[in-house]
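For reference, the structure is listed below as structure tokens.
In what follows, every chain begins at residue 1, and chains take the letters A, B, ... in the order their sequences are listed. When reading the values below, keep in mind they use all heavy atoms of this one structure, side chains included, and skip hydrogens, waters and symmetry mates.
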There are 2 protein chains.
Amino acid sequence: MMDSPPATDVLSQETPKRGKRRAPGERRKEFVDKAIIFFSEVGFEGGTRELAKRLGVTQPLIYRYFPSKDDLIREVYETVYISRWEDQWTTDLTNRDSQVRDRLIAFYDSYTKVIFTREWMRIFFFAGLKGLDINKWYVGRVRERVLIPVCRELHHAFGISPDAEITDEEIDLAWTMHGGIFYHGIRKHIYMLDGGLGETLQVETAIDMFFAGLEKFYAERKLKQV
Amino acid sequence: MMDSPPATDVLSQETPKRGKRRAPGERRKEFVDKAIIFFSEVGFEGGTRELAKRLGVTQPLIYRYFPSKDDLIREVYETVYISRWEDQWTTDLTNRDSQVRDRLIAFYDSYTKVIFTREWMRIFFFAGLKGLDINKWYVGRVRERVLIPVCRELHHAFGISPDAEITDEEIDLAWTMHGGIFYHGIRKHIYMLDGGLGETLQVETAIDMFFAGLEKFYAERKLKQV
DNA sequence: TACTTTATTTATCGGTCGATAAGTGTAAAG
DNA sequence: CTTTACACTTATCGACCGATAAATAAAGTA
């Protein structure tokens with residue numbers, strides 16, 4: 001079940017003039033949430049005064065909740081990267097009750113619902129261009145918790161010995177599929193251009209391309225056994 | 001002024017510190033070239049003083065050659081985007097002397113040689129995140145001069161009537177292939193992570209995936225006629 | 001009620017930025 | 001050699017940025 005967004009407290013009207021007390025934990029979360037939207041739009045070079053204006057407070061108040069702008073930024077991308085990751089993804093991908101193709105489609109349908117948003121995409125690239133470690137860490141997570149499990153499932157589905165190691169080449173193939181899907185998100189949210197296929201169909205065709213490529217790959221390497 | 005010049009003008013040893021005349025056009029080009037490298041590393045928010053230091057000159061000199069920082073930046077990405085495009089790409093892609101698969105591989109081998117560089121990739125995303133028009137313009141150019149010609153060649157290769165229109169869905173399929181290849185560049189130059197396959201092999205497998213996907217696409221739509 | 005606590009504001013500092021004006025010295029022109 | 005042109009410098013301005021200190025007002029506590 002999808003929890004509906006918390007009904008924003010009935011606008012306490014304007015004229016927040018001065019000292020509008022709120023619970024501190026709640027306030028902090030509100031700051032981070034709005035900072036995500038703010039920084040995703042203007043980049044991490046966006047000023048704290050402009051951010052404060054959007055929060056409806058004065059600039060020094062930000063420093064009561066975060067020691068520095070960098071700390072706030074760190075919290076922003078940790079929230080985006082970590083809290084939006086769902087462990088269920090790996091669980092479902094490795095559940096052999098259904099065909100691996102269907103599992104892949106279901107995964108990317110769910111995954112793209114999370115990452116194909118303006119904030120996620122832009123925060124991701126702002127952080128990537130900054131050369132932050134968390135970005136490499138995230139790509140590593142995709143590799144370990146998605147692509148490698150997927151390759152393992154494919155070995156099983158293609159009847160390859162469970163002892164056969166997963167090669168870097170196979171993972172590169174999986175990255176090509178992943179990139180084909182991911183690029184649609186780039187086009188939509190970085191370049192603001194939409195595609196002709198719906199998102200589900202984009203995912204399906206990318207996965208079908210991947211399977212066709214795998215057939216060729218395994219055939220050439222004489223690994224296919226069925 | 002009180003400060004007495006060192007009067008050591010005699011020892012104009014090593015790098016000539018002052019008044020090092022050069023041809024103005026040459027100097028301008030040198031500024032743009034170094035600015036490409038500089039901005040690709042630190043982003044367009046990089047300071048003019050830091051840039052000047054790398055150029056070995058003082059900061060105000062930049063404003064003798066460019067009216068404003070924005071003008072310099074505009075020249076930077078126009079140089080990267082426009083001057084590195086080769087019209088021969090479209091010519092070769094539509095030359096039916098060889099198989100379309102071979103043409104595609106040859107194109108992406110050449111294209112990735114140009115764009116899979118740290119400067120190109122990073123300038124591209126810095127500009128994309130800034131929401132610059134030139135970015136959409138570039139994506140439009142790839143569509144018009146690569147993907148649509150490719151789809152037309154594929155129609156011919158697959159024996160589809162020359163009157164059949166190229167659909168948005170077909171172009172989306174081509175974008176998936178393009179994105180699969182492009183993403184390897186992102187991994188390498190934005191995340192600084194290398195893949196297992198060589199670049200040529202990455203291109204080949206992405207194209208083979210694409211062809212396999214096309215087969216399925218045309219079969220389902222009953223457009224295939226051979 | 002008076003007292004304490006703290007969320008929030010006002011005021012401000014030092015640093016950096018893009019940009020401009022004025023000075024300086026060398027190369028080129030005569 | 002003298003004069004002129006201009007590539008390049010020094011000095012500086014006003015705006016903005018991140019961050020801090022002190023003042024203020026609202027909430028909690030008695």
Throw together a table of side-chain donor-acceptor distances under 3.5 angstrom for residues 204-211 of chain B, partners on residues two or more places apart or in other chains.
from	atom 1	to	atom 2	distance (Å)
B:T205	OG1	B:L201	O	3.1
B:T205	OG1	B:Q202	O	3.0
B:D208	OD1	B:R101	NE	2.7
B:D208	OD1	B:R101	NH2	3.4
B:D208	OD2	A:K216	NZ	3.0
B:D208	OD2	B:R101	NH2	3.3

Under 4.0 angstrom between B:T58 side-chain N/O and D:dT9 OP1 or OP2: yes

message: Counting only side-chain nitrogens and oxygens, does B:Y65 get under 4.0 Å of the OP1 or OP2 atom of D:dA7?
response: no

field: B:L55 CG - D:dA7 P separation (whole Å)
entry: 16 Å

query: OP1, OP2 of C:dT8 versus side-chain N and O of A:R27: anything below 4.0 Å?
result: yes

statement: Per the under-4.0 Å heavy-atom filter, residues of residues 31-42 of chain A near DNA chain D come out as none

- request: List for me each residue that meets ring pair (Phe, Tyr, Trp, His ring centres under 6.0 Å) alongside A:Y138, sequence neighbours excluded, and say none if there are none.
  value: A:Y81, A:W85, A:W120, A:F124

task: Inspect the contact between B:D133 and B:K136 and indicate whether a charged nitrogen and a carboxylate oxygen are less than 4.0 angstrom apart.
output: no

query: What is the distance from CZ of A:F44 to C1' of D:dG18, rounded to the nearest Å?
result: 17 Å

message: Does anything in residues 179-190 of chain B form a salt bridge (Lys or Arg N to Asp or Glu O under 4.0 Å)? List the pairs, not counting sequence neighbours.
response: A:D172-B:R187, B:K188-B:D194, B:K188-B:E199

- prompt: Which pairs pass salt bridge (Lys or Arg N to Asp or Glu O under 4.0 Å) with one or both residues in residues 39-52 of chain A, sequence neighbours excluded?
  reply: A:E41-A:R54, A:E50-A:R54

query: With nearest nucleotides of DNA chain C determined for B:E45 and A:L61 from heavy-atom distances, which residue corresponds to the more 5′ nucleotide?
result: A:L61

message: Please tell me if A:Y63 has a side-chain N or O lying less than 4.0 Å from either OP1 or OP2 of D:dA21.
response: no

task: Over 60° means perpendicular and under 30° means parallel, so classify the ring planes of B:H178 and B:Y111, tilted if in between.
output: tilted

query: Is there a side-chain polar atom (N or O) of A:T48 under 4.0 Å from OP1 or OP2 of D:dC17?
result: no

Salt-bridge present (B:K29, B:D33; N to O < 4.0 Å): yes

- request: On the 0 to 90° scale, with breaks at 30° and 60°, tag the B:Y77-B:F44 ring pair as parallel, tilted or perpendicular.
  value: perpendicular

Output one line per pair: protein atom, nucleotide atom from nucleotides 11-15 of chain C, and distance, for all N/O pairs under 3.5 Å.
none

